[in-house]
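Here the structure is a predicted model, which means the values were calculated and not measured.
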Amino acid sequence: FTIKKAHKPETFGNKYSICVEPLNNSSSGFWLEMYRDQEVIRQMYAAPIDSEENLFLYLKNRFCYTVIIDQTPIGGFSITKEKEQIASFGIVVHPEHRNRKYSRIILNEVEKKARDLGFRSLRADVYTDNTASIKSLNSSGFRKFIWFEKNI
C-alpha cells in the first residue's frame, strides 16, 4: 500500500501526521488483511473475505477510507447512508496497531467526513462484548441505543 502525496496530512494534537485516503485498488489488500483478522471476523461477520476483489466490491458501495498516521496505514472506516442525514459507520484498526488509542483518532475522522458528506447523525452498530469500541464511543460522546439482532 502506498500513500498518495496529493493529500496533505494534518497534525493531530501535535503528535501525529494524519492522512485519510478513499478506498482504492492499492489499499484493498490492506483492508482484506484487516477483515481477515479473527477479532474483526467476530465483530463484522457480513463482509465477504473470500477474495480481495469481493471485499473491494462490498466496501466500494460505502464511503470507505484508509487512515494513515505518520505514513503508516493503521486502520480505516466506512460510512453508510441509512436515511436522509443519518449514517451508520464502522471502524477497524489493523491488529498491529491496536491498544494505542488510534480508535479515537479514527472516530474524529469519521465525524469530519460524515459532516462533509452532509450527515447530521451517526450510528455505530456494536456488539455488547466489544468493550474497546464501546469505551471509545462513550468517550467520544455517543449514547447507547439498544436493538436486538440474530444471525440467520
Side-chain angles (χ1 to χ4, degrees), residues 1-82 86-119 122-140 142 149-152:
F1 177 65
T2 57
I3 300 167
K4 297 177 184 173
K5 303 255 187 224
H7 292 13
K8 185 177 179 185
E10 66 179 86
T11 304
F12 185 82
N14 296 324
K15 251 182 145 177
Y16 305 108
S17 171
I18 302 171
C19 287
V20 177
E21 297 282 343
L23 177 72
N24 58 53
N25 286 327
S26 68
S27 64
S28 61
F30 175 72
W31 279 87
L32 184 61
E33 186 179 341
M34 287 191 296
Y35 269 75
R36 282 186 172 165
D37 176 71
Q38 288 305 305
E39 185 60 25
V40 174
I41 289 170
R42 197 170 72 78
Q43 301 295 337
M44 301 174 135
Y45 57 86
I49 57 171
D50 57 321
S51 73
E52 193 173 313
E53 181 182 349
N54 285 340
L55 180 62
F56 182 79
L57 291 171
Y58 172 81
L59 293 173
K60 81 172 194 166
N61 290 319
R62 295 156 172 72
F63 300 101
C64 190
Y65 301 90
T66 304
V67 177
I68 302 153
I69 295 180
D70 293 335
Q71 299 190 4
T72 302
I74 57 96
F77 62 90
S78 64
I79 300 172
T80 305
K81 180 179 180 173
E82 299 295 334
I86 300 172
S88 62
F89 72 95
I91 68 170
V92 61
V93 178
H94 191 279
E96 292 177 13
H97 300 287
R98 291 189 187 137
N99 301 315
R100 298 183 189 175
K101 304 203 186 291
Y102 286 148
S103 61
R104 292 184 185 158
I105 293 170
I106 295 173
L107 280 171
N108 185 51
E109 297 302 320
V110 169
E111 288 187 39
K112 283 193 228 174
K113 281 292 180 195
R115 239 183 261 110
D116 290 348
L117 294 166
F119 296 112
L122 283 171
R123 184 184 80 207
D125 299 332
V126 181
Y127 289 111
T128 57
D129 64 344
N130 192 341
T131 55
S133 288
I134 292 168
K135 183 177 178 181
S136 291
L137 291 164
N138 280 332
S139 69
S140 296
F142 284 82
E149 174 180 303
K150 181 179 181 180
N151 295 343
I152 53 171

Next on the checklist: Please list all pairs meeting salt bridge (Lys or Arg N to Asp or Glu O under 4.0 Å) that have one or both residues in residues 24-34, counting only residues at least two apart or in different chains.
Outcome noted: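 For residues 24-34, and leaving out neighbouring residues, there are no salt bridge (Lys or Arg N to Asp or Glu O under 4.0 Å) pairs at all.
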
Item to check | For Glu96, salt bridge (Lys or Arg N to Asp or Glu O under 4.0 Å) partners two or more places apart | outcome: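 Counting only residues at least two positions away or on another chain, Glu96 forms no salt bridge (Lys or Arg N to Asp or Glu O under 4.0 Å).
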
Checklist entry - With Arg100, which residues qualify under salt bridge (Lys or Arg N to Asp or Glu O under 4.0 Å), at least two apart? => result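 Testing Arg100 for salt bridge (Lys or Arg N to Asp or Glu O under 4.0 Å), a comparison that skips the adjacent residues, returns none.
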
I'd like to check the side-chain hydrogen bond (donor to acceptor under 3.5 Å, both in side chains) partners of [X]; sequence neighbours left out, ordered by chain and number.
X	answer
Asn25	none
Arg42	Glu39, Asp129
Ser139	Arg104
Glu52	Ser28

Nearest-0.5 Å distance that lies between atom [atom1] in [X] and atom [atom2] in [Y]:
X	Y	atom1	atom2	result
Gln43	Asn130	CD	CG	4.0 Å
Ile69	His97	CD1	NE2	9.0 Å
Leu59	Trp31	CG	CH2	6.0 Å
Asn61	Leu23	CG	CG	10.5 Å

Checklist entry - Going by an N to O cut-off under 4.0 Å, is there a salt bridge joining Arg115 and Glu111? => result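 Yes, this pair counts.
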
Item to check | Closest contact, heavy atoms only, Ile49 versus Leu32 | outcome: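 Reported closest heavy-atom pair: O-CD1, 3.8 Å.
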
Item to check | Heavy-atom pair with the smallest gap, counting every atom of Arg36 and Asp50 | outcome: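 Heavy atoms of Arg36 and Asp50 come nearest at NH2-O, 3.3 Å.
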
Checklist entry - If you measure only the distance, is there a donor-acceptor pair under 3.5 Å linking the side chains of Asp70 and Thr72? => result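 Judged by distance alone, the side chains do not pair up.
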
Test of understanding: with side chain to side chain contact (heavy atoms under 4.5 Å, CB included), list the residues that count as partners of [X], not counting sequence neighbours.
X	result
Asn99	none
Asp125	Arg123, Trp147
Glu53	Ser51, Leu57

Would you check if [X] and [Y] make a side-chain contact, meaning some heavy-atom pair closer than 4.5 Å?
X	Y	answer
Val110	Ile106	yes
Leu107	Phe89	yes
Ile105	Ile18	yes
Arg62	Ile79	no
Ile68	Ile74	no

Item to check | ring-ring contact (aromatic ring centres under 6.0 Å, His included) against Tyr127, all qualifying residues, sequence neighbours excluded | outcome: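 If we apply the ring-ring contact (aromatic ring centres under 6.0 Å, His included) test to Tyr127, skipping adjacent residues, there are no hits.
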
Next on the checklist: Are Phe30 and His94 an aromatic pair, judged by ring center distance below 6.0 Å?
Outcome noted: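 Judged by ring-centre distance (under 6.0 Å), His94 and Phe30 do meet the cut-off.
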
Next on the checklist: Donor-acceptor pair, distance only, cut-off 3.5 Å: does the side chain of Ser136 make one with the backbone of Ser133?
Outcome noted: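 Flag not set: sc Ser136 to bb Ser133 has no pair under 3.5 Å.
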
Checklist entry - Does the pair Ser88 and Leu122 meet the rule for a side-chain contact (heavy atoms from CB on, under 4.5 Å), with working shown? => result CA-CA 6 Å; Ser88 62; Leu122 283 171; over 6 Å; no

Checklist entry - Should Tyr35 and Ile41 be marked as a side-chain contact (heavy atoms from CB on, under 4.5 Å) after you check the CA-CA gap, both sets of side-chain angles, and the distance that decides it? => result CA-CA 6 Å; Tyr35 269 75; Ile41 289 170; over 6 Å; no

Next on the checklist: Please list all pairs meeting ring pair (Phe, Tyr, Trp, His ring centres under 6.0 Å) that have one or both residues in residues 46-66, counting only residues at least two apart or in different chains.
Outcome noted: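 Qualifying pairs: Tyr65-Phe77.
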
